[in-house]
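Following: one structure in structure tokens, then a few remarks.
Labels below follow one simple rule: chain letters A, B, ... track the order of the sequence lines, proteins then strands, and each chain is numbered from 1.
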Amino acid sequence: MRASELYAPTLREVPAEAELLSHKLMLRAGLIRKAAGGMYTYLPLAWRVMKKISQIIREEMDAKGGQEIMMPITQPAEIWKESGRWAVYGDEMMRLKDRHGREFCLGPTHEEMVTTLIRGEVNSYKQLPLMLYQIQNKYRDEIRPRFGLMRSREFVMKDLYSFDKDVEGMNISYEKMYDAYSKVFTRCGLKFRAVEADNGAIGGGHSHEFTVLAPSGESSIAYCENCDYAASDEKAELKVITSEVEELKSLEKVKTPDCHTIEMVKNFLNVPIEKTIKAVAFQDDDGKLILAFVRGDHEVNEIKVLNATGALHLHMSEESAINAVGGCAGFMSPIGLKDGAIIVVDATVMEMYNAVAGANEIDAHFINVTPKRDFDAKKIIVADIRMVQEGDPCPHCGESLKMTRGIEVGQVFTLGNKYSKALNVTFLDENGKEKFFEMGCYGIGVGRTMAAAIEQNNDKDGIIWTRAIAPFEIVIAVVNAKDAAQIEYAEKLYNELKNLGVDVLLDDRQERAGVKFKDCDLIGYPLRVTVSPKTLDTNSVEVKVRKSGDIFYYNRAECVEKICHILNEL
RNA sequence: CGGGGUAUGGCUCAGUUUGGUAGAGCACCUGCCUUGGGAGCAGGGGGUCGUAGGUUCAAAUCCUAUUGCUCCGACCA
């Protein structure tokens, strides 16, 4: 490919619409252009990257027995009504009607499609396991598309669906996909973690999110450097922190004028923050008051509160609800409250001795609170309800957890028979018994993977592609393209490399050298070979590694071999 | 859906307060010059100022409505 023929409109200035670094770089480097909110055209460079990522995915899916298919983007409403998700999916689903008024949607996902595909066709356990996948556009009418390809309304996704005869088989398929995903993201040169995730409404099975580590990511994860443990911040389990047993002092009420925050109480009474108990008041959808208590230096994890109480949604409570049970905002504790509230106490709080907690009256706190003694065990729920913090012990090995942010690029989870049951799709097992398929589904955002790679690999000059997914592996920059000698020299080298199967771009544009160098750095080809009057004089070439900035000079005779060698190291 | 911002040439923006007939830089075209880090000189093309109403002798500018985009929040496989 010649740069003079390549459609890659680079920009000097950043369009105002972009905020995220990867988004800015993709626009500036001429990778993408916006068509509408959350919808982008992939220009040649981006599409080359996407094709390379897709190919890696294909190879790894096929290696596990996956078979590629292509299902329609447009799906009939009937199957969604049958599974019950036509109503559940809400505004996020793009809906349309044909000329006869029949309802369709643009597929946000394809469980219904693939499950009904095999309905009546796969009838025997002998045909299992089966893994089908596609790489195709998905549609989700996001409330707020943003960050370019990170959160768009139309996006390219690989989705694979596994069908097994039993849970055991399903778990094997899951493990295969977990392994395949690790290989895919490793080959893409990404630093990532497989993060334990919540299965949410589906429940029961396993779920991992494959998260690329990047400070700009939308999700926050806790991970351990000592073992493999990693979990989303909301999912991260926490062990009880025990404190040294102390001699119990008697409960005492003290005046704490105007001390309605933990910080003020701590300072006023001059106690360490670890000796204080904090209250957070929620109400569920029915208006039921839920009081959550954690140690003063901890934060409440709302998801865990939901799980502990069985509530479906939480919002901050009205003051009147607090007053109704004899509480007092800013000065609350479980001691002496009237019935009517669900009280959830973090397990770590139950291990505290002689602590400070609210007295349920204005400007007063209790001191010497020992929850084991002073809280009414019959009226409280004890559970892990705190949010993980940096330095908390790993639930697997006990080492300190680290916190980081990440971009979710893939997810694997087991579905069980949720969809086969809803859509009534069965087969006959060894005993001639009718059974529902045990399914799993596994997604990778292709565009998001590309964006994440940029987010993780860039510098002030632009993108730094890893070789495996670079739009071109090498660019040959001709300093003066009007000089026939340089062009001729470069073309010869270009052909040699091309014949060896190297993915090479010849920058033969009649631009000044500075423009070419800037573009090369911005687009981020892993290797740049420069042909100039200087190199011509010495019958050599200059090779620059984008990532390290290292520059090498090689004689013409040995340069092809040397270039291939460097390439293999990248 | 709530709150803010914004809309002027392909891009970045000025001009709006105080109405007077549209500007800069970059990009583009032509020529010259130049070729190791987004050069220089000269000439040139391109905008019904988001849209629709209204006020006015006169509207990019003031008023009303509407739409797109964007940020924060809520929400989110």
Side-chain angles (χ1 to χ4, degrees), chain A residues 9-20 23-24 27-30 33-39 85 88-93 107-112 138-148 150-153 155 157-159 197-202 207-210 218-219 232 234 302-303 312-316 408-413 415 418-419 441-445 448 460-462 477-487 507-523 528-537 541-542 544 549 551 553:
Chain A
T10 55
L11 302 173
R12 288 192 197 194
E13 284 172 289
V14 194
E17 70 192 54
E19 196 197 1
L20 199 65
H23 188 191
K24 288 179 186 170
L27 289 167
R28 280 197 59 209
R33 286 293 182 265
K34 187 168 74 174
M39 299 190 182
R85 290 210 289 182
V88 175
Y89 234 98
D91 292 336
E92 207 167 289
M93 186 146 72
T109 177
H110 281 71
E111 281 87 5
E112 281 80 359
K138 294 276 187 293
Y139 296 83
R140 294 191 191 166
D141 196 357
E142 292 283 345
I143 297 171
R144 188 146 85 88
R146 56 185 143 170
F147 304 142
M150 289 294 186
R151 180 162 293 260
S152 50
R153 296 198 293 171
F155 53 98
M157 184 171 172
K158 185 282 311 183
D159 47 329
D198 210 24
N199 253 27
I202 294 163
S207 178
H208 283 86
E209 291 169 358
F210 283 77
E218 288 192 271
S219 46
S232 64
E234 290 174 335
E302 292 189 29
I303 301 292
L312 290 176
H313 282 107
L314 291 182
H315 56 91
M316 286 298 159
E408 187 195 332
V409 289
Q411 121 269 28
V412 291
F413 60 87
L415 297 167
K418 179 185 164 92
Y419 292 96
C441 82
Y442 316 86
I444 293 179
R448 199 186 264 199
K460 63 171 174 43
D461 293 316
V478 182
V479 164
N480 185 353
K482 280 185 181 164
D483 178 355
Q486 286 178 48
I487 282 286
D507 193 344
D508 58 341
R509 292 176 301 162
Q510 299 199 351
E511 292 282 356
R512 295 169 56 82
V515 174
K516 292 186 190 181
F517 292 157
K518 286 286 183 192
D519 272 351
C520 289
D521 288 347
L522 177 60
I523 294 169
R528 187 185 85 203
V529 176
T530 309
V531 172
S532 70
K534 272 187 284 181
T535 66
L536 228 53
D537 284 347
V541 295
E542 172 192 302
K544 184 174 183 186
I551 294 175
Y553 296 92

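- The heavy-atom pair separating A/Pro145 from A/Gly38 by the smallest distance is CB-CA, 3.7 Å.
- Between the C1' atom of B/rA77 and the CZ atom of A/Arg448 lies a distance of 9 Å, rounded to the nearest Å.
- Here the P atom of nucleotide B/rU70 and the NZ atom of A/Lys24 are 14 Å apart, to the nearest Å.
- A donor-acceptor pair shorter than 3.5 Å can be found between the side chains of A/Thr109 and A/Glu111.
- Here the separation of B/rG50 from B/rG44, taken at their C1' atoms, is 29 Å to the nearest Å.
- Distance, A/Ile487 CD1 to B/rU35 P: 16 Å, rounded to whole Å.
- The separation of B/rG3 from B/rA60, taken at their C1' atoms, amounts to 27 Å, rounded to a whole angstrom.
- Here B/rC69 presents its C1' atom at 14 Å from CE of A/Met39, a figure rounded to the nearest Å.
- The shortest non-hydrogen separation linking A/Gln486 to A/Val531 is OE1-O, 3.5 Å.
- Of the possible donor and acceptor atoms, none in the side chain of A/Glu542 sits under 3.5 Å from a partner among the backbone N and O of A/Thr530.
- With B/rU12, B/rG38, B/rA77 as the candidates, the nucleotide lying closest to the side chain of A/Arg28 is B/rG38.
- When the C1' atom is compared between B/rU34 and B/rU16, the two are found 43 Å apart, to the nearest whole Å.
- Summarising the geometry of A/Val14 relative to A/Ala18, their closest heavy-atom pair is CG1-CB, 4.5 Å, with the distance given to 0.1 Å.
- Side chain of A/Val479, nearest nucleotide from B/rC69, B/rG37, B/rU35: B/rU35.
- Counting atom types as modelled, A/Asn480 pairs no side-chain N or O with a base atom of B/rG36 as donor and acceptor under 3.5 Å.
- Contacts of A/Ala477 with the nucleic acid, taken as non-hydrogen atoms under 4.0 Å apart, are absent.
- Here, B/rU17 and B/rC33 have their P atoms 49 Å apart, quoted to the whole Å.
- Pairing for B/rU18 is absent, with no Watson-Crick or G-U wobble pair whose two atom distances lie under 3.5 Å.
- Pair check for B/rG38 finds none; no Watson-Crick or G-U wobble contact set falls under 3.5 Å.
- The C1' atoms of B/rA39 and B/rG10 are separated by 22 Å, rounded to the nearest whole Å.
- Here A/Arg509 lies out of heavy-atom contact (under 4.0 Å) with every strand.
- Checked against B/rG37, B/rC69, B/rG36, the side chain of A/Lys518 finds its nearest nucleotide in B/rG37.
- Once rounded to the nearest 0.5 Å, the distance linking CZ of A/Arg85 with CD of A/Glu112 reads 4.0 Å.
- B/rG40 and B/rC1 are spaced 49 Å apart, taking the P atom of each and rounding to whole Å.
- Here the straight-line distance linking atom CG of A/Leu27 with atom NZ of A/Lys34 works out to 9.0 Å at 0.5 Å rounding.
- If you measure from atom CD of A/Glu112 to atom P of B/rA77, you get 15 Å, rounded to the nearest angstrom.
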All N/O contacts under 3.5 Å from nucleotides 26-33 of chain B to the protein, with atom names and distances to one decimal?
| unit_1 | atom_1 | unit_2 | atom_2 | d |
| --- | --- | --- | --- | --- |
| B/rA27 | OP1 | A/Arg12 | NH2 | 2.9 |

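- Within 4.0 Å of A/Thr535, counting heavy atoms only, lies at least one base atom of the nucleic acid.
- Between A/Gln486 and A/Leu522, the residue anchored closer to the 5' end of RNA chain B is A/Gln486, taking for each the nucleotide with the nearest heavy atom.
- In this structure, A/Met93 reaches neither bases nor backbone, as no heavy-atom distance under 4.0 Å exists between it and the strands shown.
- In this structure, A/Arg448 is not positioned above the aromatic face of A/Phe155 in the sense of NZ or CZ being under 6.0 Å from the six-membered ring centre and within 45° of the axis.
- Atoms CZ (A/Arg512) and P (B/rG38) sit 8 Å apart, rounded to a whole Å.
- In the set B/rA77, B/rA39, B/rU70, the nucleotide with an atom closest to the side chain of A/Val515 is B/rA39.
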Would you tabulate the pairs of protein nitrogen or oxygen atoms and nucleotide nitrogen or oxygen atoms of nucleotides 71-75 of chain B closer than 3.5 angstrom?
| unit_1 | atom_1 | unit_2 | atom_2 | d |
| --- | --- | --- | --- | --- |
| B/rC72 | OP2 | A/Arg144 | NH1 | 3.2 |
| B/rC72 | OP2 | A/Arg144 | NH2 | 3.2 |

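- Both A/Val14 and A/Asp521 lie near RNA chain B, and the one whose nearest nucleotide falls closer to the 5' end is A/Val14.
- Within the 4.0 angstrom heavy-atom criterion, base atoms lie near A/Glu542.
- Under 3.5 Å, the side chain of A/Lys460 and the base of B/rG37 form no donor-acceptor pair of N or O atoms.
- Going from atom CD of A/Gln510 over to atom C1' of B/rU35 covers 11 Å, rounded to whole Å.
- Looking at A/Met93, A/Arg151, A/Arg153, A/Glu92 one by one, the single match for side chain to side chain contact (heavy atoms under 4.5 Å, CB included) with A/Arg140 turns out to be A/Glu92.
- A 3.5 Å limit on both hydrogen-bonding distances identifies no Watson-Crick or G-U partner for B/rG45.
- If you check every strand for non-hydrogen atoms under 4.0 Å, A/Ser532 touches a base.
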Show your reasoning for whether side chain to side chain contact (heavy atoms under 4.5 Å, CB included) applies to A/His23 and A/Glu17. CA-CA 9 Å; A/His23 188 191; A/Glu17 70 192 54; 4.0 Å; yes

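- Atom CE of A/Met39 and atom OG of A/Ser152 lie 8.5 Å apart (nearest 0.5 Å).
- In this structure, B/rC62 forms a base pair with B/rG54, meeting either the Watson-Crick or the G-U wobble geometry with both donor-acceptor distances under 3.5 Å.
- Using a 4.0 Å heavy-atom criterion, one finds that A/Asp519 contacts the bases of the nucleic acid, with or without backbone contacts as well.
- Using a 4.0 Å heavy-atom criterion, one finds that A/Arg85 contacts no nucleic acid atom at all.
- At whole-Å resolution of the value, NZ in A/Lys534 and P in B/rG37 are 9 Å apart.
- Atom CD in A/Gln411 sits 12.5 Å away from atom NE2 in A/His208 (nearest 0.5 Å).
- Closest heavy-atom contact between A/Ala481 and A/Asp508: CB-O, 3.3 Å.
- Here the separation of B/rU12 from B/rA7, taken at their C1' atoms, is 14 Å to the nearest Å.
- Here the separation of B/rC28 from B/rG73, taken at their C1' atoms, is 42 Å to the nearest Å.
- At a threshold of 4.0 angstrom between heavy atoms, the contacts of A/Arg153 with the nucleic acid are absent.
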